[in-house]
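Step one of this worksheet: look at the structure below.
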Amino acid sequence: MTTPATYTRRFFARDSLTVARALVGGVLVHETRAGVSAGLIVEVEAYRGPSDRAAHSYGGRRTARNEVMYGAAGHSYVYFIYGIHYCINVVTGAVDVPEAVLIRALEPVDGLALMRRRRGLGKEAPAHLLCRGPGNVCRAMGIQGRDNGADLLCGALRIERGRRVPEARIVRAARIGVDYAGDHAALPWRLYDGASRSVSRAAGAGGRGSGLG
DNA sequence: TGTCCGATTGGT
DNA sequence: CCAATCGGACAG
């Protein structure tokens with residue numbers, strides 16, 4: 001095997017919508033004592049900083065929780081939500097520009113058995129259900145609060161270059177669970193691969209078509 | 001310290 | 001549609 005290609009700091013240091021688009025097709029990898037797990041990124045959401053009402057950094061809000069959003073791009077922003085789930089973001093933009101990309105779904109490519117175990121699912125569980133939705137991504141990948149701030153350019157938790165997804169397959173829609181953001185809730189800043197069955201339920205999977213022809 | 005609420009999920 | 005479940009944000 002050859003060494004997998006990685007992204008550069010500069011790649012992540014762009015605006016979050018641009019990075020979000022470029023990350024579809026990337027690969028999230030996590031090496032732990034339990035083993036390696038990895039998945040193709042098929043669904044993301046861009047959170048665009050202080051002007052974005054849906055962002056944790058809206059209005060320049062800066063707390064212990066979202067502090068890493070203000071740091072260098074390419075690091076993880078992991079937070080705990082609803083008393084149950086973790087969500088992982090990739091910090092983007094320049095230092096002091098608090099933007100991020102939320103990883104909402106992966107298409108599993110490695111460590112499927114480990115993912116099933118972490119999810120508490122049987123061996124028959126379909127691959128496309130393992131990392132469907134941001135909470136499930138973290139559960140299946142073994143990502144927790146201690147992974148907040150990790151440098152995703154290298155290390156146990158990282159993002160590698162994967163496949164190039166054609167623009168024609170990219171679906172852009174409103175972000176999920178941000179109704180509190182008023183007008184901003186409708187902006188098309190959720191991007192996903194319309195050809196993937198691994199996208200979250202909210203994105204159109206689990207029933208009818210995905211919106212792609 | 002007290003209260004409110006969430007970038008979710010899974011089942012009804 | 002709704003409950004689960006608890007850390008974070010903020011008012012006092």
Side-chain angles (χ1 to χ4, degrees), chain A residues 15-17 19-21 23-24 28 39 41-70 73 75-93 97-106 108 115-122 124-149 152 159 171-192 197-207:
Chain A
D15 76 273
S16 61
L17 188 56
V19 176
R21 165 63 182 93
L23 275 179
V24 177
L28 181 64
I41 297 170
V42 295
E43 182 184 351
V44 296
E45 280 179 358
Y47 285 85
R48 312 194 66 185
S51 65
D52 180 358
R53 282 186 202 147
H56 288 173
S57 55
Y58 175 58
R61 185 170 44 189
R62 183 170 188 166
T63 67
R65 180 176 67 154
N66 71 0
E67 180 61 31
V68 297
M69 289 183 79
Y70 289 81
H75 290 260
S76 67
Y77 167 41
V78 179
Y79 66 89
F80 190 59
I81 191 67
Y82 289 110
I84 307 175
H85 310 284
Y86 286 102
C87 290
I88 182 172
N89 295 253
V90 182
V91 174
T92 70
V97 177
E99 302 186 356
V101 173
L102 172 68
I103 297 178
R104 287 191 58 88
L106 306 175
M115 289 182 180
R116 290 190 175 92
R117 196 183 323 151
R118 286 168 171 156
R119 287 290 311 279
L121 301 173
E124 339 72 41
H128 73 274
L129 295 182
L130 301 179
C131 303
R132 189 157 110 163
N136 289 330
V137 166
C138 287
R139 174 73 71 174
M141 294 289 289
I143 296 167
Q144 304 170 63
R146 68 184 315 93
D147 297 303
N148 184 47
L152 299 173
I159 296 178
V171 179
R172 293 167 189 258
R175 292 171 294 182
I176 302 301
V178 295
D179 292 343
Y180 58 83
D183 300 347
H184 295 195
L187 296 170
W189 294 344
R190 170 160 56 93
L191 286 64
Y192 62 93
R197 284 166 227 148
S198 299
V199 296
S200 72
R201 181 169 192 163

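Numbers restart at 1 for each chain; the letters A, B, ... are given by sequence-line order, proteins then strands. Small disclaimer: the values here were computed from a predicted structure and weren't measured.
- Look at CG on A:L102: it is 7 Å from P on B:dT8, rounded to the nearest Å.
- A salt bridge does not link A:R21 to A:D15: none of the charged side-chain nitrogens sits closer than 4.0 Å to a carboxylate oxygen.
- Regarding A:D179, its CG atom lies at a distance of 14 Å from the C1' atom of B:dC5, rounded to whole Å.
- A straight line from OH of A:Y82 to P of C:dC6 spans 16 Å, rounded to a whole angstrom.
- Smallest separation of non-hydrogen atoms from A:P108 and A:M115: CB-SD, 3.8 Å.
- Across all strands shown, A:R175 has no heavy atoms under 4.0 Å from either base or sugar-phosphate atoms.
- The nucleotide B:dG11 finds its pairing partner in C:dC1, both defining distances of the Watson-Crick or G-U wobble pair being shorter than 3.5 Å.
- When the C1' atom of C:dG7 is taken as reference, atom NE2 of A:H56 falls 12 Å away, rounded to whole Å.
- Taking 4.0 angstrom as the limit, A:R119 places a side-chain polar atom (N or O) nearer than this to OP1 or OP2 of B:dG10.
- Between B:dG10, C:dA9, C:dT5, one nucleotide has an atom nearer to the side chain of A:N136 than all others, and that is B:dG10.
- A straight line from CZ of A:R104 to P of B:dT9 spans 6 Å, rounded to a whole angstrom.
- Counting to the nearest Å, the P atom of B:dC5 and the CZ atom of A:R61 are 14 Å from each other.
- One P atom belongs to C:dT5, the other to B:dG2, and the distance between them is 22 Å to the nearest Å.
- Phosphate contact (OP1/OP2 of C:dA9, side-chain N/O of A:R65, threshold under 4.0 Å): present.
- Comparing atom distances between the A:F80 side chain and each of B:dT9, C:dG7, B:dA7 picks out C:dG7 as nearest.
- Counted by atom type alone, A:Y58 and A:H184 present zero donor-acceptor pairs between their side chains at under 3.5 Å.
- Contact annotation: A:T63 side-chain N/O to C:dG8 OP1/OP2 distance is not under 4.0 Å.
- Between A:Y86 atom OH and B:dT8 atom P the separation is 16 Å, expressed in whole Å.
- Within 6.0 Å of atom CZ in A:R116, more than 12 heavy atoms from other residues, nucleotides or ligands are found, so the atom counts as buried in its surroundings.
- Nearest nucleotide to the A:M69 side chain, out of B:dA7, C:dA4, B:dT9: B:dA7.
- We find that the ring of A:Y47 and the base of B:dA7 stack, their centres lying under 5.5 angstrom apart and their planes tilted less than 30°.
- Between B:dT8, B:dA7, C:dC10, one nucleotide has an atom nearer to the side chain of A:I176 than all others, and that is B:dT8.
- Between the OH atom of A:Y180 and the C1' atom of C:dA9 there is a distance of 13 Å, given to the nearest Å.
- Listed here is the closest heavy atom pair of A:A105 and A:G133: CB-N, 4.1 Å.
- Comparing B:dA7, B:dG10, C:dA4 by their nearest atom to the side chain of A:I84 picks out C:dA4.
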